[in-house]
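As structure tokens, the structure follows; a few thoughts come after it.
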Amino acid sequence: MIQSSSIGARADSLAREFLYTTEDFNRIADLCYERAGILLPPAKQDHVYSRLSRRLRSLGLKSFDAYLKQLTGPNGVEEQRQMISALTTNVTRFFREPHHFEHLRTEVLPELAARARAGGRVRLWSAGCASGEEPYSLAFTVLRALPDAAKYDVRILATDIDPEVLAAASSGIYSEGAAHDLPDWVDHTMASREPDALKIAPSVRRLVDFRPLNLIRPFPMKGPFDVIFCRNVAIYFDVPTQAVVWNSFIGVLQPGSQMYIGHSERPPHALVTRFTPNCITGYRLNDPDRPATSERRK
Ligand SMILES: C[S@@+](CC[C@H](N)C(=O)[O-])C[C@H]1O[C@@H](n2cnc3c(N)ncnc32)[C@H](O)[C@@H]1O
């Protein structure tokens, strides 16, 4: 007698280049959640097939079951990294959600620039930076507020789980079309608009340190950070994972520091009282010594 689950498994794989069952999808979804905190709901079953087919082809495999053996075998860690890279969405652009950069420039950077000029330390972090457009947009904005930033203790950390996007990011070279996202004040001293490429100037690149970092694991650095951009990353996590990541952020922020998140994201309910919203999806970590009552009234 044929089991109904095996009929299902065969139906799943019908007319596909590689054998792929719901069980394979579930095991991949579990691995992805465990490694990167990313949720893959059942509706993503076809998406996972199409994103991972290229990996199976290049490894010469015939089925997802064989691929799973590779993922969980002795050299599985490197292939798990490739899998996460294939399954994550790295879409980004320069000055995405431009109101955050404007808020940073007008409301946050004046105090930080004054601190830097007085010899203080200033740290910004683009967490989940993808191919680097976000941290370079931060660097342009910092240089607009503080043109001689290189003389001071000002650094931008840019991290992502995916080393491939980080390699592209640190090269500082983009397609010529990316220049359309740059405002006019980003002049040739910050980026050169060449016929076949947009190149970030070395003085801008020197402000940014690119590092691999998995946000769902304990952070290796202590901070403190004055500004964190973590936009369009936590959206792929479930609520408990979001709370873990936000608690980690609180651990490396100092009171009064600024967070910016993506337009469709919100701080976890349990932590909402720790922050005061001060612009569209922008939040200030409450400072017990400086209650933000005026901001609450806005
Ligand atoms: C859609 S991009 C967001 C890029 C940029 N922040 C923006 O808003 O334009 C999401 C990035 O989050 C990264 N990511 C996903 N899970 C992660 C994790 N657990 N730790 C660190 N980065 C992660 C992905 O590799 C991807 O580059």
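First listed ligand is number 1; within each ligand, the first listed atom is number 1. Quick note: numbers below take in every heavy atom, side chains included, and nothing from hydrogens, waters or symmetry partners.
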Open item on the list: What verdict does the side-chain hydrogen bond (donor to acceptor under 3.5 Å, both in side chains) test give for Arg231 and His100, after you've listed the backbone C-alpha separation in whole Å, the side-chain angles of each residue and the deciding distance to 0.1 Å?
Closed with: CA-CA 10 Å; Arg231 307 184 309 161; His100 284 157; 3.0 Å; yes

- [ ] Step through it carefully: locate the ring centre of Phe219, locate the ring centre of Phe249, and say whether they are under 6.0 Å apart.
- [x] yes

- [ ] For residues Tyr136 and Phe210, establish whether the separation of their ring centroids is below 6.0 Å.
- [x] yes

Task: Nearest non-hydrogen partners of Thr281 and Glu97, listed with the distance - done: OG1-OE1, 4.2 Å

What does the contact table look like for ligand 1 (nitrogen or oxygen on each side, cut-off under 3.5 Å)?
from	atom 1	to	atom 2	distance (Å)
ligand 1	6 (N)	Gly128	O	2.8
ligand 1	6 (N)	Glu134	OE2	3.1
ligand 1	6 (N)	Arg231	O	2.9
ligand 1	8 (O)	Arg96	NH1	3.1
ligand 1	8 (O)	Arg231	O	3.0
ligand 1	8 (O)	Asn232	ND2	2.8
ligand 1	9 (O)	Thr92	OG1	2.6
ligand 1	9 (O)	Arg96	NH1	2.7
ligand 1	19 (N)	Ala36	O	2.9
ligand 1	19 (N)	Asn214	OD1	3.0
ligand 1	20 (N)	Leu215	N	2.9
ligand 1	22 (N)	Ile161	N	3.3
ligand 1	25 (O)	Asn90	ND2	3.4
ligand 1	25 (O)	Asp160	OD1	2.6
ligand 1	27 (O)	Asn90	ND2	2.9
ligand 1	27 (O)	Asp160	OD1	3.4
ligand 1	27 (O)	Asp160	OD2	2.7

- [ ] Examine Tyr260 together with Tyr283 and report whether their ring centres are nearer than 6.0 Å.
- [x] no

- [ ] Can you sort out the partners of Ala179 under side-chain contact (heavy atoms from CB on, under 4.5 Å), two or more places apart, ordered by chain and number?
- [x] Arg193, Leu198

